[in-house]
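Notes follow the structure.
Labels below follow one simple rule: chain letters A, B, ... track the order of the sequence lines, proteins then strands, and each chain is numbered from 1.
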2 protein chains.
Amino acid sequence: MSNINDVARLAQVSKATVSRVLSGSRGVKEESRLAVLRAAEILNYKPNAIAQSLSCQSTNCIGVICATEHIQQSTGYLQALEKQLSQQHKHLLLRFANDGKSVMHAIQELSNGMCDALVVVGARFPLPELSEDIVLIDCLNPANANSVQCDRIFAAETAVHYLCSQQRRNIALINFPGGEAATLTMDGYRQALHNYVVPFNRQLVIENEPSLRIALQKLINSGVKFTALLVTDDSQAQEAVMMLNQYQLTVPEKVMVFSLDGSTRLPGANTVPAIEYPLENIARRAVELLSGERHNSDLVRGSLLIA
Amino acid sequence: MSNINDVARLAQVSKATVSRVLSGSRGVKEESRLAVLRAAEILNYKPNAIAQSLSCQSTNCIGVICATEHIQQSTGYLQALEKQLSQQHKHLLLRFANDGKSVMHAIQELSNGMCDALVVVGARFPLPELSEDIVLIDCLNPANANSVQCDRIFAAETAVHYLCSQQRRNIALINFPGGEAATLTMDGYRQALHNYVVPFNRQLVIENEPSLRIALQKLINSGVKFTALLVTDDSQAQEAVMMLNQYQLTVPEKVMVFSLDGSTRLPGANTVPAIEYPLENIARRAVELLSGERHNSDLVRGSLLIA
DNA sequence: CTGTTAGCGCATTCAC
DNA sequence: GTGAATGCGCTAACAG
């Protein structure tokens, strides 16, 4: 691979001039500019990114630590993020992690000057206190200032409103296993019920249950009547639909299933109504936070998506 | 962030010694070794990866260009690759691409010294001739020497054998839209039919049809009777199942659907029988190719997976 | 407008 | 065993 010296020599100018030309800075005689460009063309020269990084004290890499638990969701974020980043000529350094410990491990390994910033995506498990300059997307951890969160209250409200409009008033909820997201979802759920003057029935809500199957079993076993079921995401919805069918609780006739996060669903997937978050917006906001353009926690609202 | 000079000063040794200690090379007095380690600990020193890369002429980054068309499949590869790479203390630089042109574009942008090697994953579209040192995983392009391919012949044979064993002898095939993969799949299909003394019926095979819906429509319209349907992957299978159900062709009673690539399916997904490829093996082989340990095209066989 | 110089942080000679 | 010196390829400050 040719380097800046080769180009300088061939173009009969100094390294500095080559650098100036290729970095786009003004103040170079047109003649030498062309000479440099021609030489670079001939030698198929590309400035070495590593050397640039060392010199500028800034790699253009963003480390992205992606939770694997809800991988089909995270992949959507990943694509959206990559799109935003590559538009800004930044690179995405990917790590997967499935619990708090491995997230920390990944952070350690990426904190050696290789990345300009870090993002954690989709960690629905408790995270230890992280450095303030790490951006969180759709994670449980609420304390961090730099994060993009889904507006869970709004989502739950929207869901309940929709279901009530469909004459489903016995709405069950299998909530997040815990954390801020669970609380907020519950808030929106209760608030919306209140608006529709539907009495709140604690039996309809299953909380702190990590497994959907067990949660749903619990709900069914309790014997409480429900005509709609709110679950936290599409994979949960899919499992719920299959399980309900096994109990002759046909979907959507007897029970309408609603997914509180139906972003990034596949085209062919059997669709239940859902809240869809604007992945592009989320990614864009995250990248803004990374660039330090803003410094607060962002709340993103999703929209109702009907099959 | 502290640098090597800080550590050297605190440990009362020279930079060279610090470097030696942290690079693990022998030939350092135990006393100074401990001094260095202690100093590094105190200063929370981490060798700067960029500087190391520049000095060693080797970043530890592998560029991975991932096709988005069959993203749910590619994600599996991505996870497997990341696992293998991180085990070798290598980093994964991710780009997405959805056609030959954007693959080339990504390759250009990653060829600036930032990566030690490149991988293209899941490109089911024709690729231009690529540099020999790029590793292809599950791509259509057959000419390249460095690639890991799925054994399509074996897969089709296995599928047909299984279906025949289930008394399904009228086996339709909606093949890949084209390329080597289509030819090989066809070969395996015909070979297996031959073994079972089932006459080959051209009407049962749909080729060169990019859209599954249209392909399946074509098959149904032709009026030919089929009791089994081979499709190329899980997303196709899912669409096919839905569409068949709409035609009262219940699955699996009337038509048994079989996915020729059912790797990386989600736990709750409605499952049809499929060929499952060993993602870990594939990733491992790819990484071996990257390291230049071998230089041939690798063929990986999948195994039968029954729901 | 342009060339010279001095780093960026580290690994790697080569003497001692 | 160890330290001083050199260079990886580039950018930026400065002087002309």
**Prompt:** Take atom CD in B:Glu31; do more than 12 heavy atoms of anything else shown fall under 6.0 Å from it?
**Reply:** no
**Prompt:** Is atom CD of A:Glu41 surrounded by more than 12 heavy atoms (other residues, nucleotides or ligands) closer than 6.0 Å?
**Reply:** no
**Prompt:** Can you tell me how far CG of B:Leu78 sits from CD1 of B:Ile71, rounded to the nearest 0.5 angstrom?
**Reply:** 7.0 Å
**Asked** Along nucleotides 10-16 of chain C, 5' to 3', which nucleotides get a B, which get an S, and which get a -, given that the test is a protein heavy-atom distance under 4.0 Å?
**Response** BBB----
**Prompt:** Under the side-chain hydrogen bond (donor to acceptor under 3.5 Å, both in side chains) criterion, do A:Tyr77 and A:Asp138 qualify, and how do the steps go?
**Reply:** CA-CA 9 Å; A:Tyr77 286 126; A:Asp138 197 4; 2.8 Å; yes
**A:Gln57 side-chain N/O to C:dG7 phosphate OP1/OP2 under 4.0 Å** = no
**Trace of the side chain to side chain contact (heavy atoms under 4.5 Å, CB included) decision for A:Ser32 with A:Val21** = CA-CA 9 Å; A:Ser32 11; A:Val21 171; over 6 Å; no
**Message:** By the 4.0 Å heavy-atom rule, please label B:Ser32 as base, sugar-phosphate, or nothing.
**Reply:** sugar-phosphate
**Item:** Electrostatic pair B:Glu288-B:Arg284, nearest N-O below 4.0 angstrom
**Value:** no
**Message:** Students should find this one: the first and last nucleotides of DNA chain D, 5' to 3', lying under 4.0 Å from a heavy atom of chain B. What are they?
**Reply:** D:dG1 to D:dG9
**Item:** Pairs satisfying side-chain hydrogen bond (donor to acceptor under 3.5 Å, both in side chains), at least one member in residues 94-112 of chain B, at least two apart
**Value:** A:Glu82-B:Arg95, B:Arg95-B:Glu109, B:Asn98-B:Ser102, B:Asp99-B:Ser102, B:His105-B:Glu109
**Request:** Could you tell me whether B:Glu180 and B:Arg152 have a side-chain N and a carboxylate O separated by less than 4.0 Å?
**Result:** no
